[in-house]
Amino acid sequence: MKFLIIDFETRSRVDLKRAGTDRYCADPSTEILCMVATEAGNFSSPRTWVCNLLKPTDDDLDVLGDFRDAAQYHAIAGYLFAAHNARFDQQIWEYVAVNDWGFSEVPADSWYCTSAQMRVNALPANLDDATRALNAEHRKDHAGQSLIRKLSMPNEMGQFNEDPALLVQMAAYCAADVAATKDLLNNTRLMTPTEHADWLANERINDRGIRIDRSFAEAATRQAATETAAIGAELSSLTGGVVTKHTQNQRIKKWLLARNPPDMMVKLMTVFKDGQQKQSLASDIRTQILNRADANEIDLAPELYNVIAALDEGNKSSVAKYQRMLDRAEVDDRVRGSFMYAGASTIRYTSRGLQLHNFKRDCLPVAEMDTLRPMLINGAALSQSAVLETLAKALRPTLIPDDGNVFVVADWKSIENRALPWLSDSEGGEKKLDMFREIDADPTLHDMYARAAKDAGTDDRQVGKVIELSLGFGGANGAFSSMAKNYGVYLPDHQVSRIVKAWRLSNKWAETFWNELEKAAKNAMRSPGSVHEAGRVSYLFNGDSLLCELPCGQLLTYPKARLQQGELTALKANWKPSPDDDEWPRYSLWRGLLAENVTQATCASLLRQVIRQIDSVVLHCHDEIALEVSAVEAEDWCALLNKTMETAPAWATGLPLSAPVQIMTRYGK
DNA sequence: TGCGGCGGCGCC
DNA sequence: AAAGGGCGCCGCCGCA
């Protein structure tokens with residue numbers, strides 16, 4: 001393999017963090033300060049180029065000319081262009097380097113991201129953290145941050161600092177980054193061709209972006225500001241000016257607790273975190289307090305009640321997302337670059353910037369949006385009491401297709417509840433799958449949650465849902481109760497115990513599989529280099545990392561794995577070390593976690609498989625895929641999406657899949 | 001002034 | 001022995 005590693009340092013009038021990579025790179029004010037490139041991989045005598053492009057000397061221009069020729073050769077030869085967060089450098093190349101500096105075009109498929117390489121290795125995504133976690137020879141230079149603050153953004157007067165000495169330092173910093181990137185590229189597993197294809201497919205989704213209803217988002221932002229100010233004013237008057245915003249959590253708790261609240265309320269507020277007793281006013285706690293006060297079970301002074309109610313109203317929103325949309329939307333109203341391939345160590349996608357993976361699910365139907373929209377845009381005062389909640393419910397429908405297009409949306413039904421028994425490759429698991437086969441064949445039958453509820457001796461489908469969502473991965477009473485509160489289910493302890501016992505008894509295959517996974521993983525640690533199977537997955541310890549191979553061939557990595565006193569641990573990429581830690585944080589790989597990891601990872605593989613095949617995806621969320629297609633072709637796309645999602649790939653034969661499709665004119669649930 | 005911790009929110 | 005875990009963003013608050 002041959003790589004050309006590239007790193008640009010740039011400056012711009014656009015705020016990178018606020019506007020995101022795509023808007024930043026496309027902006028005409030964005031310029032290159034310097035560039036460093038180096039050859040890596042199979043070169044007999046690798047070359048390195050360093051040039052300052054803000055005020056280039058003749059030497060800089062010579063280096064630049066030489067680099068352009070080399071880059072053109074690399075592109076034609078089909079070598080890979082690698083960068084850490086390649087989306088950034090790729091776009092600087094396309095938007096700035098090609099136009100300003102005469103660089104040749106590089107085919108999109110030739111780009112390769114070393115940050116994505118870190119992530120498929122379950123290592124920290126960012127350069128600094130990755131080099132620290134690996135104890136790499138070259139570390140990211142911390143002076144860089146201060147240089148960026150000085151050189152890359154204008155001061156309050158709108159002027160850029162062009163101090164030649166600082167620019168020289170910047171080029172050195174850039175070269176250090178490239179050296180660090182090279183270490184990472186060389187010392188961890190490269191992306192496989194499939195992983196690289198998955199990364200490329202993800203970048204195509206990022207290029208497509210998703211359109212927002214800009215006028216609505218603007219109006220919603222204004223209305224939310226008015227409403228939050230009103231709640232703040234109310235809190236201020238209730239608390240005599242101590243609390244001025246609903247977000248001032250500490251002040252609110254302190255104020256409430258200083259006013260002799262009823263014991264019952266304090267008891268409800270008490271939570272344990274990391275072995276410490278604390279008070280919380282999280283939403284489920286507020287709901288319980290307010291409900292009991294309504295039912296006269298707690299004698300709550302009116303001003304306390306009103307403070308909690310105001311807090312509840314204010315917190316019911318994620319309306320900051322409207323501003324986020326506006327910050328990141330480009331001139332065509334599309335937000336780009338929101339998805340990250342393998343953002344999670346299970347090779348699941350994550351979403352960032354405009355976080356599309358946590359839009360409130362409970363949302364307004366299109367008809368209500370059509371009523372609300374003109375009112376909001378015309379500035380009419382909304383008469384409804386829960387304005388912020390209404391705005392939060394309008395978040396999903398603010399994502400819209402282009403004129404003449406529709407969304408075609410499908411989601412896999414109970415995909416994790418199917419993948420787990422399938423992976424166990426067991427008789428009991430097969431029986432569980434038979435239940436899904438029956439349900440898929442005859443939709444008039446009860447769904448699985450209703451069945452699980454019935455098995456637990458109740459008619460409450462919500463209880464069934466909590467059972468199936470909480471108990472599959474080794475969780476017991478705590479897991480059940482924690483999930484239960486998300487669904488408004490509150491059961492006494494003895495009932496929870498009974499439900500957990502009953503579920504484990506009638507799903508013995510599950511506990512057997514958890515134990516098999518743990519045994520296989522630990523045995524793999526005890527005999528490096530040998531493969532140990534559990535159900536349809538297998539583990540191997542390569543002396544550094546514990547690897548898990550999924551049925552599709554995808555590897556999961558548990559870096560720096562250790563087995564000490566019977567406890568299996570590994571490096572945890574997305575935990576940050578404390579300043580006094582001399583080692584990267586680690587976590588324990590218990591049986592439930594191993595089961596969850598292989599299940600989520602297998603489901604993520606199914607998702608990627610579909611995404612590789614269909615090139616009109618604009619949104620996805622673990623078990624859900626949305627295409628944006630021409631309205632006149634919608635039915636054809638529905639059929640295609642349904643067929644693609646319900647056809648198990650060759651490696652997943654025997655896994656029953658069901659994925660109903662719908663057409664949407666705004667995004668919904 | 002910037003940064004990180006923390007509590008909180010939302011989803012699968 | 002028991003253990004929800006997987007994410008990212010917002011805003012406050014205290015510290016340097």
Taking C-beta and beyond as the side chain, do Leu594(A) and Phe473(A) meet within less than 4.5 Å on heavy atoms? no
Phe339(A)-His357(A) aromatic ring centre distance below 6.0 Å: yes
Describe the nucleic acid contact of Arg348(A) in one word from base, sugar-phosphate, nothing, applying a heavy-atom distance below 4.0 Å. base
Between dG8(B), dG6(C), dG10(B), spot the one nearest the side chain of Arg286(A), thanks. dG8(B)
Quick note, Thr350(A) side chain, CB onward, closest among dC9(C), dC7(C), dC11(B) is dC7(C)
Contact list (N/O, under 3.5 angstrom) for nucleotides 13-16 of chain C vs protein:
from    : atom 1 : to        : atom 2 : distance (Å)
dC13(C) : OP1    : Arg251(A) : NE     : 3.2
dC13(C) : OP2    : Arg251(A) : NH2    : 3.2

Out of dC10(C), dG6(C), dC6(B), which has the shortest distance to the side chain of Ala320(A)? dC10(C)
Measure the acute angle between the ring planes of Tyr349(A) and Tyr341(A), then classify it against the limits of 30° and 60° as parallel, tilted or perpendicular. perpendicular
Do the side chains of Leu326(A) and Ile212(A) get nearer than 4.5 Å, heavy atoms only? yes
From the set dC10(C), dC12(C), dG6(C), return the single nucleotide nearest to any side-chain atom of Lys572(A). dG6(C)
Contacts under 3.5 Å, N or O only, protein and nucleotides 1-3 of chain B:
from   : atom 1 : to        : atom 2 : distance (Å)
dC3(B) : OP1    : Arg149(A) : NH1    : 2.8

For Trp590(A) and dA3(C), are the ring centres under 5.5 Å apart with planes inclined under 30°? yes
Taking atom NZ as the centre, does Lys245(A) end up with more than 12 heavy-atom neighbours from other residues, nucleotides or ligands that are less than 6.0 angstrom away? no
Looking just at side-chain N and O atoms, do Arg608(A) and Gln554(A) make a donor-acceptor pair shorter than 3.5 Å? yes
Nearest-nucleotide pick for Leu593(A), side chain only, options being dC11(B), dG5(C), dC12(C): dG5(C)
Can a side-chain donor-acceptor contact be found between Gln323(A) and Asp327(A) if the only test is distance below 3.5 angstrom? yes
